[in-house]
Structure formats: C-alpha cells, structure tokens
There are 2 protein chains.
Amino acid sequence: MMLFDDVTSEEGSKEKIILEAAMDEFIAEGWAGARMQSIADRAGINKPLLHYYFRSKEKLYNQTVYRVMAYFFGFVLGNVEGKDSFQEFLRAFIDSVIDETAENPRIPLFIMQELSRGGETIRGILSQVLSEQNPPVTEVMRTNLIRAMETGEIRPVNPIQFIMSLLGSCLYFVMAEPIIMELGKQTGLLGNFDRSRFLEERKEAVFTLLYNGVRS
Amino acid sequence: MMLFDDVTSEEGSKEKIILEAAMDEFIAEGWAGARMQSIADRAGINKPLLHYYFRSKEKLYNQTVYRVMAYFFGFVLGNVEGKDSFQEFLRAFIDSVIDETAENPRIPLFIMQELSRGGETIRGILSQVLSEQNPPVTEVMRTNLIRAMETGEIRPVNPIQFIMSLLGSCLYFVMAEPIIMELGKQTGLLGNFDRSRFLEERKEAVFTLLYNGVRS
DNA sequence: AATCGGTTTGACCATATGGTCAAATATAGG
DNA sequence: CCTATATTTGACCATATGGTCAAACCGATT
C-alpha cells in the first residue's frame, strides 16, 4: 500500500511493515474477510509476532482504519491551497480527488462499507479523525463556496448539497469501476479502454458539468 | 428486505423466506461476514434445512447476488418511460434512484464492494443480469441524451461521463450517509436532521445542478 | 562469560463455522 | 391403514481461525 511514508508514530520498520500489510489485507477483504495469518504472510512474519506487536485483530484493525481515514480525509487539503477563483479551486479539488482515488481505488469503498456495517468503535474513529483536521476539508470547501457566492462567481447553492454532488461525481468511477467495465464491454461504448486517458477525460467532464451547473 | 414480491422462480414460501433472509444477511455482512446459522435463524429454520434447499453457502450467495443485481439495475426503467423532454426524464430518473436507494441504502455499496472483491463468478452474474435487461438502462439513458442533444435541449456531452456524474450524485448520499451524519454532527451544518425532508432537497439540488450543467 | 530485556518461534488450545448423515416426521396417494 | 416421497432435525465432523505460552534466540551491557 505504501500510503504513509511520512512519520506516523512508529518510525521503526517492523510496526510499519505490519501496518502496511494489514492495510492491504483489510482493504481487500474487509474486517470479516481479513485473516491474521494472511497479514502475517504479507508482512513476512508469523502469527504470534503479529499478536506481539498488536495485541488483537481488533486493535490492528482500529489502527488501520484510523490511518486510512486520516489519509483519505486529508490528502485533498494540500492541493487546493492558494486558489483564488472558485474555478481554479474546483479544478484543483477534482484533479486531486480523482488522481488520488484512481491510485487507491478500494479506499473509498472500504471506508463507506465498514462505516455502514460497523458499530460505535469505527464511528468513534471517524469522529476523531475529523476532529483532528485543521482546517477540516469541509470547512475549506464551504468557505470557498460562500466566497464565490458573495463575489457573484456562482449562483446561490446549498454547500452540503454541492459537496455531495461533487464527491459523488469524483468517486463514482473508481467505486463502480467493475460495473462500468462490464457495461462498457457489453455495450461497446468504451471501445479499447485506456484508463489514464479516461481519467483525464473524466476530470474535464466533471469540472465542466459542475462549473456550468453553478456559475452565474 | 421484501424486494421480490413478484414471481421470481420460486413461488412457494420456503425458498422465498430463505432467500429474503439470505439477502438481509449477505447485504448486511458481506460474503465473508455472513453466517449460515444466522441466515437460518432469520428464516426461522435450522442449518441442515438451509443446505437441503440451497446446497452450499456459495450457491445461496450466487442466487442472492443475482436477485439483488437484477433488482438494482432494473427498478429505474418503469419510472422513466414516456417522458418527452430531457428535463422530465432527468427529473424522473433522479427521483426514482434516490427514492429507491433511500429505502434500501445498503444495496449499492453491497454490489460495488462484492464486485471489486469477488472473482469471475460474481462478474459473470453481473454480465448475465445486464444482458437480460431489455432495454438496458444504459441504452435508455443514452438514447434520451442523444435525442436531447439533437433537439438542442442540451449541449453536447459525453453520455458515459454524464451518466457517471448523475449516478454518483444520486447514490453518494446513501452510500456515505454515516460519514455525512458525522460531519453534520461535528460541524453543526445539518441542524436537526430530517431525513425525508433532506432527500427531497437532495433531489431538487441534483436536478438543478445537473440540468444547469448541461442545458444549452 | 553471565545476564537481562526485547524479539521470534513451534506447538498448542478453544471456538466457530460450513457441511453431512441417518433417523424421525410429516404429507400425499393408493 | 400402508407406503412412498418430501421435509425436518439432532448429533456429529473436519477444518479454519483468533489467540496463547513457554521455550529459544539475539544483541547489548557489565
């Protein structure tokens, strides 16, 4: 997976190797499908050692979830700073989300699936991750929207509704990729498919559609 | 769950009861998390009887998946027939998708998750379901889009790109509901939340945004 | 060399789980 | 009533899985 080259509590190698392995496994298989043995194999160690470093499957899972969420709710921020117009901001946002999720396509589905299945614990983790964000993505987004409404760049819209449409449009492709591939195969609409080319087209399409949708 | 009151191969009660139970369990827990015992309990029977009717977990799962997919890719069709303008068509489509998924919020996530995790078998099922559609949803959608472009109601757009943005916008809320609820709680942006009121607002917002986004 | 803390491992355990089977029970037809 | 067929059940099995433990190993310090 290799999402967390940056310093994240454990700088030493072993814990990190295990966490990367655990992420791969949990994201691929979900909580119920993930196997401690399989995580150990991926990490190149044996099962007791797994328990030595992370007491239980649950503990390991929680740390994994925390990291994945922190990454997922954080990566956009760096790419949208200092954009003056809403147009620029929107473009940067879309590019950032699509590029990043295209490289880690299972993450959005993983987070949503586990959240809608899981109990208090996982929601607590989400809550914590969100509260640690400074500033929160949602706030940056909202600020930009409101500013653009005030300057008259865009017409009045409900920020939450717009954000949901934006995220839905950006994330849908990677989440539904198997369906789209199958549809494409069956209808022939996709021709000979070039993923990275398609993603560029997708960025452009989302931007155009949404910007036309809101501009005054 | 009660999705299939209509005749679907087994008219008798037992098989149907079991299938409903299996759907609830599989949708809630996924393939790996679902337990045959739990399905039996939900159906009010015991485990050997489950195997008597459906030989194995895999067989039962495949039937479940087939039915869920057939439902998911089919329900829209009835609601969008006979719409003259693209405007009407789009509105009916959005209303239909949002209403239906709001009642069965786990289904989109279930399908996407299992597809991106599963192997040949589940993709084969998807392929079959799609090929059995007459006409396919995708074709109806495409026809309407092309007609609207020809009459000049909307500007030229790539059909696949538009469909993806549309579906993403419609489905995102139910898929990400736990995240949105948490965000709302944390930022106070949602106030005292009324789900059905919000869904109405959502339909309107999606329609306005997308229609403005494409109209000439 | 002896010792001490941290690390690694093979052997093992308790439980959960998908699945089976022969016996029992119900149901329908003669 | 009797029999054949379909349904139902308790008891059981093999395996997988999360987890444990005592013993071994290793590197540094004295």
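Lettering of chains follows the sequences in order, A, B, ..., and the numbering in each one begins at 1.
Between Phe86(A) and Phe162(A), the two ring planes are tilted [angle within 30° to 60°].
The nearest whole Å value for the distance from the NZ atom in Lys14(B) to the P atom in dT27(C) is 10 Å. Nucleotide dG18(C) holds its P atom 5 Å from the NZ atom of Lys57(B), rounded to whole Å. Rounded to an integer number of Å, the gap from Leu50(A) CG to dT7(C) P is 15 Å. Rounded to whole angstrom, the span from the CZ atom of Phe54(A) across to the P atom of dG18(D) amounts to 16 Å. Rounded to whole angstrom, the span from the NZ atom of Lys59(A) across to the P atom of dG18(D) amounts to 16 Å. Rounded to whole Å, atom P of dA24(C) lies 18 Å from atom CG of Leu49(B). As a whole-Å value, the separation of Leu60(A) CG from dT17(D) P is 16 Å. Regarding Ile17(A), its CD1 atom lies at a distance of 10 Å from the P atom of dT8(C), rounded to whole Å.
Closest to the Pro48(B) side chain, of the nucleotides dT7(C), dT20(C), dT9(C), is dT20(C). When distances run from any side-chain atom of Tyr52(B) to the nucleotides dT8(D), dG19(D), dG19(C), the shortest one goes to dT8(D). Among the nucleotides dT7(C), dG19(D), dA11(D), the one closest to any side-chain atom of His51(A) is dG19(D). The side chain of Ser56(B) lies closest to dG19(C) when the candidates are dT8(C), dA11(C), dG19(C). Among the nucleotides dT7(C), dG19(D), dT8(D), the one closest to the side chain of Tyr53(A) is dT7(C).
A salt bridge links Lys185(A) with Glu182(A): the closest approach of a Lys/Arg side-chain nitrogen to an acidic carboxylate oxygen falls below 4.0 angstrom. Here Glu88(A) does not pair with Arg91(A) in a salt bridge; the nearest charged N to carboxylate O distance is not below 4.0 Å. A salt bridge is defined here as a Lys NZ or Arg NE, NH1 or NH2 lying under 4.0 Å from an Asp or Glu carboxylate O, and Arg142(B) with Glu139(B) meets this definition.
When the salt bridge (charged side-chain N to carboxylate O under 4.0 Å, His left out) test is applied to Lys203(B), the partners found at least two apart in sequence or on another chain are Asp99(B), Glu200(B).
Taking only side-chain nitrogens and oxygens, Asn46(A) never comes nearer than 4.0 Å to OP1 or OP2 of dT8(C). Within the structure, every side-chain polar atom (N or O) of Lys47(B) is placed at least 4.0 Å from both OP1 and OP2 of dT8(D).
A heavy atom closer than 4.0 Å to some atom of DNA chain D occurs in no member of residues 29-38 of chain B.
Side-chain contact, Asp41(B) with Gln37(B): a donor N or O sits under 3.5 Å from an acceptor N or O.
Taking the six-membered ring for Trp and the full ring otherwise, the centers of Phe72(B) and Phe110(B) sit at least 6.0 Å from each other.
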